[in-house]
Amino acid sequence: MTAPTEARRVVFHVDLDAFFVAVERVLDPSLHGKPVVVGGSPDGRGVVAAASYEARAFGVRSAMPMARAVRLCPQLVRVRGSRDAYRRASRAVFGLLRELTPRLQKVSIDEAYLDLSGQPLVAGRAFDTALRLQQQVRERFRLDLSVGVASNRLVAKVASGASKPVGVLEVLPGQEQRFLAPLPIRKLPGIGPATAERLHGLRIQTLGALVDADPRRLEAHLGRDVEGLQMRARGIDTSPVRPAQPDALPKSISHETTFPVDRSKLSYLEKRLAELLHATASRLREREAVARTVSIKLRLTDFTTLTRDRTLPHPGREDADFLPTARQLLEDLLDGRTPIRLLGVKLAGIERGAWQPALFEEAKPARTSD
DNA sequence: GACTATGCGTGTCCGT
DNA sequence: ACGGACACGC
């Protein structure tokens with residue numbers, strides 16, 4: 001007998017441990033036991049994308065400049081990394097997890113939520129099911145993962161983080177607020193460096209303190225969605241686990257690059273702009289999609305970041321549909337003297353690739369895929 | 001939490 | 001529609 005309205009939700013947050021490094025170790029077992037990072041180019045401007053726990057023991061962290069990581073840990077082993085291998089490994093692992101339930105939402109290359117509400121569980125216990133899953137992935141793929149088990153996504157996510165590495169942590173229904181209260185505010189998804197800084201200014205360090213804070217005082221300093229923030233700090237979250245639509249299109253596609261040294265010459269920047277645009281539009285075409293908005297991004301030496309976008313009268317898909325606009329946006333921002341650190345291109349307003357064949361187009365045979 | 005430094009890609013929200 | 005800030009993952 002199943003209750004017609006089963007209120008109790010069971011949500012897993014599954015998170016692969018040091019994922020890029022773990023995949024590299026499968027490919028090259030000699031990397032085991034060593035401080036390893038996967039990360040950017042060795043040109044001095046790269047950053048750490050993933051660090052092994054041995055490297056973390058030296059203070060090496062994700063997003064840390066590679067130069068600094070090497071200073072902290074001179075024997076650091078650096079691996080360039082291959083997105084493609086990670087994508088394949090990710091697909092394999094989550095394919096296995098999908099056998100447990102199709103109600104699986106992949107949220108990044110190494111993370112997914114599973115909704116096991118009303119599912120049969122190992123020994124009737126969610127915790128044992130999580131352990132089993134962890135064990136299966138280790139046997140099949142030699143990859144470690146951590147699982148947070150809770151009555152909602154938010155708490156499951158915090159729990160998996162707290163259990164890392166190779167952990168399983170279940171927060172029982174009713175215990176959500178108690179579990180979160182002692183944690184630093186940064187542990188709550190949605191509180192990043194900027195919000196944390198403002199809260200610290202109000203002497204709020206823990207999620208318990210955030211729950212207890214006067215909402216009007218918070219409003220004055222944060223401005224936005226304070227009510228939702230406090231609800232989340234109490235562990236309340238009703239967002240559903242939503243399996244991705246197989247045919248879903250991304251909202252935007254972008255590429256950006258940081259130059260080995262800052263560059264100011266227009267000719268150089270336009271060349272790179274065309275390359276970035278080509279890479280971006282190629283991916284758009286792979287998806288058989290079109291885009292309406294083209295956007296460029298510049299970062300100056302002092303890290304000032306500027307973006308400019310323009311929406312086209314008609315959606316496009318070829319490089320040539322976007323390049324003049326992208327070039328115009330770039331030229332409007334440049335004086336040929338300002339050194340530029342980073343250049344980026346983004347296409348947005350993406351839709352299925354139904355487009356009007358140009359009325360007077362010659363030579364190129366009109367494609368007829370719709 | 002600052003810093004000899006600070007990548008890449010995607011998404012959301014806010015103010016105008 | 002646009003520009004920026006912020007957040008998140010690795």
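Reckoned from all heavy atoms, side chains included, excluding hydrogens, waters and symmetry mates. In the text below, chain A, chain B and the rest are named by the order of the sequence lines, each starting its count at 1.
Annotation: proximity of residues 264-276 of chain A to DNA chain C (heavy atom, distance under 4.0 Å) is found for no residue.
Between A:His200 and B:dG1 there is a side-chain polar atom (N or O) within less than 4.0 angstrom of OP1 or OP2. Proximity of A:Arg292 to the phosphate of C:dA1: no side-chain N or O atom is located under 4.0 Å from OP1 or OP2. Between B:dG9 and A:His255, a contact under 4.0 Å exists linking OP1 or OP2 to a side-chain N or O. Listed pair A:Lys106 / B:dT10 fails the phosphate criterion, with no side-chain N or O lying under 4.0 Å from OP1 or OP2. Using a 4.0 Å cut-off, some side-chain N or O of A:Arg341 falls inside it from OP1 or OP2 of B:dG7. Phosphate proximity of C:dC10 to A:Ser62: absent, as no side-chain N or O sits under 4.0 Å from OP1 or OP2. Distances shown here put every side-chain N or O of A:Arg83 at or beyond 4.0 Å from the OP1 or OP2 atom of B:dC8. For the pair A:Ser252 and B:dG9, the criterion of a side-chain N or O lying under 4.0 Å from OP1 or OP2 is not met. A close approach under 4.0 Å does occur between a side-chain nitrogen or oxygen of A:Arg299 and OP1 or OP2 of B:dG7. A:Arg310 has no side-chain polar atom (N or O) that falls below the 4.0 Å cut-off from OP1 or OP2 of C:dG3. OP1 or OP2 of C:dA7 has at least one side-chain nitrogen or oxygen of A:Thr195 nearer than 4.0 Å. The shortest distance between the side-chain N/O atoms of A:Arg283 and the OP1/OP2 oxygens of B:dT10 is below 4.0 Å.
Among residues two or more places apart in sequence or in another chain, the side-chain contact (heavy atoms from CB on, under 4.5 Å) test is passed with A:Arg140 by A:Leu96.
Salt bridge annotation for A:Asp319-A:Arg285: present, with a cationic side-chain nitrogen under 4.0 angstrom from a carboxylate oxygen. Ion pairing of A:Asp144 with A:Arg25 is absent here, as no side-chain N (NZ or NE/NH1/NH2) approaches a carboxylate O to less than 4.0 Å.
Among C:dC10, B:dC3, C:dC6, the nucleotide with an atom closest to any side-chain atom of A:Ala50 is C:dC10. Side-chain proximity of A:Arg308 to the nucleotides B:dT6, C:dG3, C:dC8 is greatest for C:dG3. Among the nucleotides B:dC8, C:dG9, C:dG4, the one closest to any side-chain atom of A:Thr257 is B:dC8. Checking B:dG9, C:dC8, B:dG1 against the side-chain heavy atoms of A:Arg186 singles out C:dC8 as nearest. Considering only side-chain atoms of A:Arg45, the nucleotide from C:dC10, B:dT6, C:dC2 that sits closest is B:dT6. Side chain of A:Arg71, nearest nucleotide from B:dT4, C:dG4, C:dA7: B:dT4. Closest approach to the A:Thr307 side chain among B:dT6, C:dG9, C:dG4 is made by C:dG4 (side chain taken as heavy atoms from C-beta onward). The side chain of A:Thr311 has C:dC2 as its nearest neighbour among C:dC2, C:dC10, C:dG4. Taking every side-chain heavy atom of A:Asp15 into account, C:dC10 is the closest of C:dC10, B:dC3, C:dA7.
A donor-acceptor pair shorter than 3.5 Å can be found between the side chains of A:Ser146 and A:Asp17. Side-chain contact check for A:Ser151 and A:Arg9: no donor-acceptor pair (N or O, by modelled atom type) lies under 3.5 Å. Between the side chains of A:Lys106 and A:Ser90, at least one donor N or O sits under 3.5 Å from an acceptor N or O. No hydrogens or angles considered: a donor-acceptor pair under 3.5 Å links the side chains of A:Thr311 and A:Thr293.
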- Query: Using Watson-Crick and G-U wobble pairs with both distances under 3.5 Å, what is the 5'-to-3' dot-bracket string of DNA chain C, with [ ] for crossing pairs and | for pairs outside the strand?
  - Reply: ||||||||||
Using distance only, find each side-chain donor-acceptor pair of residues 324-333 of chain A under 3.5 Å and give its atom names and separation, not counting sequence neighbours.
from: A:Gln328; atom 1: NE2; to: A:Asp332; atom 2: OD1; distance (Å): 2.9

Donor-acceptor pairs are to be reported for all side-chain atoms of residues 205-215 of chain A against protein atoms at under 3.5 Å, with residues two or more places apart or in another chain.
from: A:Gln205; atom 1: OE1; to: A:His200; atom 2: NE2; distance (Å): 3.3
from: A:Thr206; atom 1: OG1; to: A:Ala209; atom 2: N; distance (Å): 3.1
from: A:Asp214; atom 1: OD1; to: A:Arg216; atom 2: N; distance (Å): 2.9

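A:Lys297 comes within contact range of no nucleotide atom at all, as no heavy-atom separation falls under 4.0 Å. Within the 4.0 angstrom heavy-atom criterion, no nucleotide atom of any strand lies near A:Asp302. Residue A:Ala49 is in base contact, counting any heavy-atom pair closer than 4.0 Å across all strands shown. Residue contacts shown for A:Ala63 include a base, since a base heavy atom lies under 4.0 Å away.
Applying the salt bridge (Lys or Arg N to Asp or Glu O under 4.0 Å) test to every pair with at least one member in residues 62-73 of chain A, sequence neighbours left out, gives no pairs at all.
By the criterion of a centre-to-centre distance under 5.5 Å and near-parallel planes under 30°, the ring of A:Phe303 forms a stack with the base of B:dT6.
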